[in-house]
Amino acid sequence: MPGLLSSPVCLTVIWFLSWSLCSSRAQIWTNEVSGLQYGRLDSNVTLACGKSQIRIPVVWHLNHSSALPWHRVTSDGSLVLLHVDHSAQGNYSCYDNQGLLLHSVKLRLGHPPGLLSISCQVPNHTHVRCSWVESVRTFLPAKYNASFRGNGQEWRPCIVDVLRKHCDVDHPAFWQTIHTLRITEANGLGSETTTVRFKLHELLKPDPPESVLVKELEGYSQRLIVSWNFPSSWPLQDAFPLVFHIRYRPYGSIYWSEIYSEESPVVVFDALAGHLHQVQVRARDEVNSESQWSEWSPLLLVQPWEDYTTSEPAVEILPEERFPDYFFPYNTKPDTSTAKSHNPVVEDEGNLGLVILLVLFSVVILTTVLSLIFVVWVRQRRRDHVNKQELTSMVKMKSMSI
């Protein structure tokens, strides 16, 4: 008999049976391990010790330590965590009185979602991007579902970028007056849906003009050439024209001069000779008067042309003589609406003399008028006095005749 037990065949059978039993037992305990449980901060959270209802003494561990936050254990072995905070998060395990693992669970704590603060940008007629900010910091991973539609239309998906927290819609029904966006945020503790309504034509705001360039015009000490390109996000079609707003001022001044144009480039005729100028450009949809202006392009500094070789004033050549017509596709005559700035610089001597003469002339006129008023008043006083004396004499004569 001992020889039979020590035979290779018998040892192989015994090893296989032992391995099968161990695997089965391990599989039983592994199936008792659940995944993830969510709990709300500042509330009581209950963790069950597996699915078994057998009332046996159990021991709970947090992250393999017997130190637990404020808690109590119920008669069925469940762990109740009281008024939990972030320190109560972690991996919880319960064991029987022999140290065998009965159940384990990972606890995540946070808040359910709240309403979102949503804003939408419309950089052109074919694209809408809406972004949002959470009103409640949940401390939990969230999923977002977004839908978009015009008045009377079917809901269509707004493609969500979870990391950047925005969604995009291409080719919206721009002719619709009102549009609706619906975003649902969901996490392990619940969900919340936020709905906003808006008008696309009022939100339309192009991106700033690109490749803005300001150059001096050789031979002209008071002229600048400003050029730019359409925003790359704006469709280059005649159906979507833009109007451009150019502003410029001498460096250090608080007053801007302005020009409006539909084409590039534009010539500035009244730059201050010998001074640096600040120049910016922005754009807006020309047809839609309710749309918004873009942000200003970055501020550029440039100084008009200066002749350093001679002190004699150069004779200004007409643009038609110096440059061919195709160089100025935009009407170079200053017939566009221009708000001329009163730059804080000292006027020349001729203007100062003219101002002094005007002041002196005003003083003389004012003195003459006041003198005439005084003479008329004196004469009126004398006339009133004479009339009073005549009336008194007539009264005395009547009384004497009586």
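Count residues from 1 along the sequence.
Using modelled atom types, one side-chain atom of T367 and one backbone atom of V363 make a donor-acceptor pair closer than 3.5 Å. Using modelled atom types, no side-chain atom of S221 and backbone atom of W305 make a donor-acceptor pair closer than 3.5 Å. The main-chain N or O of P112 is never found under 3.5 Å from a side-chain atom of T138 such that the two would form a donor-acceptor pair. Using a distance-only test at 3.5 Å, with no hydrogens or angles considered, no donor-acceptor pair links the side chain of D285 to the main chain of S291. In this structure, S78 contributes its side chain and T74 its backbone to no donor-acceptor pair below 3.5 Å. With hydrogens and angles ignored, the 3.5 Å screen pairs no side-chain donor or acceptor of D207 with any backbone N or O of P231. Between the N187 side chain and the P141 main chain, no donor and acceptor come within less than 3.5 Å of each other. For the pair N44 (side chain) and H83 (backbone), a donor-acceptor distance under 3.5 Å is present. With hydrogens and angles disregarded, a donor-acceptor distance shorter than 3.5 Å links the side chain of D161 to the backbone of L163. A donor-acceptor pair under 3.5 Å is absent between the side-chain atoms of H275 and the main chain of R249, judged by distance alone.
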| field | L79 vs C94, side-chain contact (heavy atoms from CB on, under 4.5 Å): CA-CA, chis, key distance, verdict | value | CA-CA 9 Å; L79 177 67; C94 66; over 6 Å; no
| field | Stepwise ring pair (Phe, Tyr, Trp, His ring centres under 6.0 Å) test for Y95 and H61 | value | CA-CA 8 Å; Y95 301 85; H61 285 180; 5.2 Å; yes
| Worked check of side-chain contact (heavy atoms from CB on, under 4.5 Å) between L41 and F139 | CA-CA 10 Å; L41 286 167; F139 302 102; 4.0 Å; yes
| message | Is there a side chain to side chain donor-acceptor pair (under 3.5 Å) between R247 and Q280? Walk through the geometry before answering. | response | CA-CA 6 Å; R247 68 178 185 180; Q280 288 181 298; 2.7 Å; yes
| task | Check step by step if side-chain contact (heavy atoms from CB on, under 4.5 Å) holds for N145 and I183. | result | CA-CA 6 Å; N145 182 32; I183 302 178; over 6 Å; no
| query | Step by step, would you call Y248 with Q278 a side-chain contact (heavy atoms from CB on, under 4.5 Å)? | reply | CA-CA 5 Å; Y248 57 96; Q278 297 174 317; over 6 Å; no
| query | Which is it for S93 and S104 under the side chain to side chain donor-acceptor pair (under 3.5 Å) test, yes or no, and what are the steps along the way? | reply | CA-CA 4 Å; S93 305; S104 67; 4.9 Å; no
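By the 6.0 Å and 45° rule, R282 does not stack over the aromatic ring of W228.
Counting only heavy atoms from C-beta outward, the side chains of V281 and W296 never approach each other to under 4.5 Å. Side-chain contact between Q37 and Y92 is absent, with no heavy atoms from C-beta onward closer than 4.5 Å. When side chains are defined from C-beta on, E210 does not count as touching V212, because their heavy atoms never get closer than 4.5 Å. Annotation: side chain of Q121 is in contact with side chain of S131 (closest heavy-atom distance under 4.5 Å). The side-chain heavy atoms of V59 and D96, taken from C-beta on, include no pair separated by under 4.5 Å. Side-chain atoms of R40 and V45, non-hydrogen and from C-beta on, never get closer than 4.5 Å to each other. Counting heavy atoms from C-beta outward, L200 and V128 have side chains that approach closer than 4.5 Å. Side-chain contact between F361 and V359 is absent, with no heavy atoms from C-beta onward closer than 4.5 Å.
Scanning all heavy atoms of the two residues, the minimum distance from S294 to P206 falls at CB-O, 2.9 Å. Here the shortest heavy-atom pairing between G39 and L189 reads O-CD1, 3.7 Å. Considering every non-hydrogen atom in both P69 and A88, the closest pair reads CG-CB, 4.0 Å. The minimum heavy-atom distance linking P265 with I225 is given by the pair CB-CG2, 3.9 Å. Scanning both residues, N288 and H201, for their nearest heavy atoms gives ND2-O, 2.7 Å. Here the closest heavy-atom approach between residue V226 and residue V268 is recorded as CG2-CG2, 4.2 Å.
With a 6.0 Å radius and a threshold of 12 heavy atoms from other residues, nucleotides or ligands, E306 has its CD atom above the threshold.
The distance from atom CG of L82 to atom CH2 of W70, rounded to the nearest 0.5 Å, is 5.0 Å. How far CD of E290 is from CG of L203: 11.0 Å, rounded to the nearest 0.5 Å. Annotation: the span from I178 atom CD1 to N151 atom CG amounts to 6.5 Å, rounded to 0.5 Å. Rounded to the nearest 0.5 Å, atoms CZ (R223) and CD (E218) are 13.5 Å apart. For the atom pair OH (Y38) and CD (Q89), the distance works out to 10.5 Å, reported to the nearest 0.5 Å. For the atom pair CD1 (I259) and CZ (F269), the distance works out to 8.5 Å, reported to the nearest 0.5 Å.
The disulfide bond (SG atoms under 2.5 Å apart) contacts involving residues 144-198 comprise C158-C167, where partners must be two or more places apart or lie in separate chains. Note on residues 360-369: no pairs pass salt bridge (charged side-chain N to carboxylate O under 4.0 Å, His left out), not counting sequence neighbours. Listed by first and then second residue, the ring pair (Phe, Tyr, Trp, His ring centres under 6.0 Å) pairs that reach into residues 106-135 are H125-F174, H125-W234, H125-F240, W132-Y144, sequence neighbours excluded.
For S87 and D85, the side-chain atoms include at least one donor-acceptor pair closer than 3.5 Å.
Ion pair E295/K205 flagged as a salt bridge, since at least one NZ, NE, NH1 or NH2 atom sits closer than 4.0 Å to an Asp/Glu carboxylate oxygen. In this structure, E134 pairs ionically with K165, as a charged nitrogen and a carboxylate oxygen lie closer than 4.0 Å.
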